[in-house]
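Taking it in order: structure first as structure tokens, then the write-up.
Below, chain A is the first sequence line, B the second, and so on; all start at residue 1. Source: prediction; values computed, not measured.
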Amino acid sequence: MQRTHTCGELTEKNIGEVVTLCGWVYTRRDHGGLIFVDLWDKTGLTQVVLNPQIDKLAHQEAQSLRGNFVIAVQGKVRARPEDMVNLKLKTGAIEVYIDELEILNPSSTPPFSCWENQEVGEALRLKHRYLDLRSSELQRNLELRYKITRTVRDVLHQKGFIEIETPILTKSTPEGARDYLVPSRLNPKKFYALPQSPQLFKQTLMVSGMDRYFQITKCFRDEDLRQDRQPEFTQIDMEMSFVDEDQLFSLAEEMIATTYKETLGIEVETPFPVLKYKDSMNRFGTDKPDLRFGLEIVDVGEVVRGAGFKVFTQALDAGGQVKAINVKGSAESLSRKALDDLTEVAKTYGAKGMAWIKIQENGLQSPIIKFFDKEMLDRLIETVNGEPGDIIVFSADTPAIVADSLANVRLALARLLKLIDEKKIKLAWVTEFPLVEYDAEEKRYVAMHHPFTSPMEEDLDKLQSTPSEVRARAYDLVLNGNEIGGGSIRIHSKEIQERMFKMLGIDKEEAELKFGFLLDALQYGAPPHGGIAFGLDRIVMILAGASSIRDVIAFPKTQKATCLMTQAPSEIDPKQMNELKLKYDLR
RNA sequence: GGGGUCGUAGUUCAGUUGGUUAGAAUGCCGGCCUGUCACGCCGGAGGUCGCGAGUUCGAGUCUCGUCGGCCCCGCCA
């Protein structure tokens, strides 16, 4: 029997036609004389009817049907009696009277029902991922994922990009994340690394005159997993020659806006606002601010300097900061318990505690006001624009801890007070990142983005003197508080690249050993170029409204980076170890 | 490396202060049923309480360890 229609397309227009449907038994309702089967495929459900008066044999055979059996049926489309129309189904106006039934494949009883809305443990769902993927939610997510990549390919194609594949077996690169390694059988004691990104290859392609490259490709980083992070993930990677930030931003904006339009039918405004890293850190404590709500951070260090409150003065004396958030109108809604919980949030990010002041009509309430004189309190309240009904929360510590703790207290507050409008889409560029940051452990500067990121021209003279003040031509794209992409204008001058390596403490031999091929390439007419890479999984997750990256990946890993379906990773045969000339040395 | 949380029929869960034979719903199996659509009615089967020690006359329940899922810190150029 050859399928003539899918299970989601028959309507009144097909009444009278003889059709053949194939699909899975969704439910079977056996009335003894009459059997109803809801037949499922990814397009929908169709009710088929087995009536012994239409075909005795088919009816008899249908008694053995069970859930998830794969069947083919042939019969005539009929209108349902008027009061039997099922408005819940697209195909609810019709049903198919079957005169031929073929069981293509029976099914064991599955460990869980993939169609019912019963909450099933994620471990079990991952073990039987093929069943879980039948659910409408995952079907919808994977379809959205495909629509997004298709739109991206369309847009980039129109803009003159070509997709070029780069190696998966490649060279281990220093810095950055931990590499996944693959032993080389033909070259004992040597290893390939799986790429953390195609970074070096795409820059090399610019030297080749490819002009505009993109690739939707897997990247690998052997680090711990999170809700929005997998060791194996997909980047939309791109690179362009002869561009500056403006051209690159507008292209990326068009790509994102078109994606929203084509997949969700939503118009997003372009151009996206641009926020300098420094301003983002000052106002939100993070380089990926969620701009859907306010609760901005205010520096009150100068106001409280010299107060009798040791927590503040000690932080300031040690070169730290005191910053605050005015939680407008929250005096009623934020309980003592909520403030304790927020304090725990602050502590998670290194703060030793979280001070607060409640402004009431009849004065201030707080465990710390006794340490301040009235004049200082007045100025403090004025600085944060405080009014009766507000609560001011404080963090005092090193700049990094103040930023980190308040950024996360801010997010927790927004969730607690339900300040986030889920319909809002707030995209922004964050620019002028520091080129390097000091690594206390390694006692040297390390590239914040990567060592090929171009410094800003006006900061070039600080490369030697004050490296930490040099700003980079690097940028991130932030969507509702998530970093969804990042990139930079690259260094194409050999001279600047050498100064960069010098600052990072990488000598000539080391540079040659680690990045030799790119450095060679850059000597042979490297055009000015820059690029960006987007995290596809995160973008799909946000557009799908999914709560975990696992919900937009067909076969995701668990938090311990295993696959419950394939049981990867697994032990290997000693023969394979011998071939690779590898030996365990477990400690 | 660290913190939190969960683990009991196939599944989702309940299980009191440590006390008789561990329950419910759903699913599954059998029977009945010609207008259901999460069909209905009757009956039945189904448990290494994640695993291992310990405390106790007695452990699903308490203690320790361990394994696994999830969330978080660190980590993620």
Taking only N/O atoms, report every protein-nucleotides 65-67 of chain B pair under 3.5 Å with atom names and distance.
none

What do the steps show when you test A/D476 against A/Y277 for side-chain hydrogen bond (donor to acceptor under 3.5 Å, both in side chains), and what is the final call? CA-CA 9 Å; A/D476 279 357; A/Y277 171 85; over 6 Å; no
Does any nucleotide pair with [N] by Watson-Crick or G-U wobble geometry, both distances under 3.5 Å, and what is it?
{"N": "B/U61", "result": "none"}
{"N": "B/U56", "result": "none"}
{"N": "B/C41", "result": "B/G31"}
{"N": "B/U5", "result": "B/G69"}
{"N": "B/G46", "result": "none"}
{"N": "B/A24", "result": "B/U12"}
{"N": "B/G74", "result": "none"}

Should the pair [X]-[Y] be classified as a salt bridge under the 4.0 Å nitrogen-to-oxygen rule?
{"X": "A/K514", "Y": "A/E510", "answer": "yes"}
{"X": "A/E432", "Y": "A/K278", "answer": "no"}
{"X": "A/R129", "Y": "A/D132", "answer": "yes"}
{"X": "A/R29", "Y": "A/D38", "answer": "yes"}
{"X": "A/R178", "Y": "A/E223", "answer": "yes"}

Is it the case that [N] (base atoms only) and [X] (side chain only) share a donor and an acceptor within less than 3.5 Å, ignoring hydrogens and angles?
{"X": "A/D224", "N": "B/C75", "value": "no"}
{"X": "A/R229", "N": "B/C76", "value": "yes"}
{"X": "A/R550", "N": "B/G69", "value": "no"}
{"X": "A/Q53", "N": "B/U34", "value": "yes"}
{"X": "A/E95", "N": "B/G35", "value": "yes"}

Stacking check: are the rings of A/H31 and B/C39 less than 5.5 Å apart at their centres and under 30 degrees in tilt?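 Stack criterion met.
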Is the ring of A/F36 stacked on the base of B/U36, with centres less than 5.5 Å apart and planes under 30° off?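 Yes; centroid distance and tilt both under limits.
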From [options], pick the nucleotide closest to the side chain of [X]?
{"X": "A/R226", "options": "B/C76, B/G74, B/U36", "value": "B/G74"}
{"X": "A/Y349", "options": "B/C76, B/U34, B/C73", "value": "B/C73"}
{"X": "A/Q559", "options": "B/C70, B/G35, B/C75", "value": "B/C70"}
{"X": "A/Y97", "options": "B/G35, B/C37, B/C70", "value": "B/G35"}
{"X": "A/P52", "options": "B/U36, B/C71, B/U34", "value": "B/U34"}

Are any of A/K88's side-chain N or O atoms less than 4.0 Å away from OP1 or OP2 of B/A38?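 For B/A38, OP1/OP2 do have a side-chain N/O of A/K88 under 4.0 Å.
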At under 4.0 Å, does any side-chain N or O of A/T348 touch on OP1 or OP2 of B/G3?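 For B/G3, neither OP1 nor OP2 has a side-chain N or O of A/T348 closer than 4.0 Å.
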Can you tell me how the ring of A/W24 sits relative to the ring of A/W40, calling it parallel under 30°, perpendicular over 60° and tilted otherwise?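 Answer is perpendicular, since the angle exceeds 60°.
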For [N] versus [M], give the span between their [atom1] atoms, rounded off to a whole number of Å.
{"N": "B/G15", "M": "B/G35", "atom1": "P", "result": "42 Å"}
{"N": "B/G10", "M": "B/C29", "atom1": "P", "result": "15 Å"}
{"N": "B/U5", "M": "B/C62", "atom1": "P", "result": "13 Å"}
{"N": "B/G50", "M": "B/C42", "atom1": "C1'", "result": "37 Å"}
{"N": "B/G58", "M": "B/U12", "atom1": "P", "result": "33 Å"}
{"N": "B/U8", "M": "B/C13", "atom1": "C1'", "result": "9 Å"}
{"N": "B/U26", "M": "B/G46", "atom1": "C1'", "result": "13 Å"}
{"N": "B/U61", "M": "B/G19", "atom1": "C1'", "result": "11 Å"}

Whether over 12 other heavy atoms sit under 6.0 Å from A/K462 NZ: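 Yes - once you tally the heavy atoms of other residues, nucleotides and ligands closer than 6.0 Å, there are more than 12.
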Answer yes or no: does atom CD of A/Q567 have more than 12 heavy-atom neighbours from other residues, nucleotides or ligands under 6.0 Å?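 Yes.
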Strictly distance-based, threshold 3.5 Å: is any side-chain N or O of A/D41 a donor or acceptor partner for the main-chain N or O of A/C7?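 Confirmed, A/D41 side chain pairs with A/C7 backbone.
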Short question: side chain of A/H59, backbone of A/G33 - any donor-acceptor pair under 3.5 Å?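 Checked: pair present.
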Please list, for nucleotides 28-32 of chain B, all pairs of protein and nucleotide N/O atoms separated by less than 3.5 Å.
{"unit_1": "B/C29", "atom_1": "OP1", "unit_2": "A/R66", "atom_2": "NE", "d": "3.0"}
{"unit_1": "B/G30", "atom_1": "OP2", "unit_2": "A/R66", "atom_2": "NH2", "d": "3.0"}

Ignoring hydrogens and angles, state whether a donor on the side chain of A/D30 or A/Q63 is under 3.5 Å from an acceptor on the partner side chain.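 No, because no side-chain N or O of A/D30 sits under 3.5 Å from a partner of the opposite role on A/Q63.
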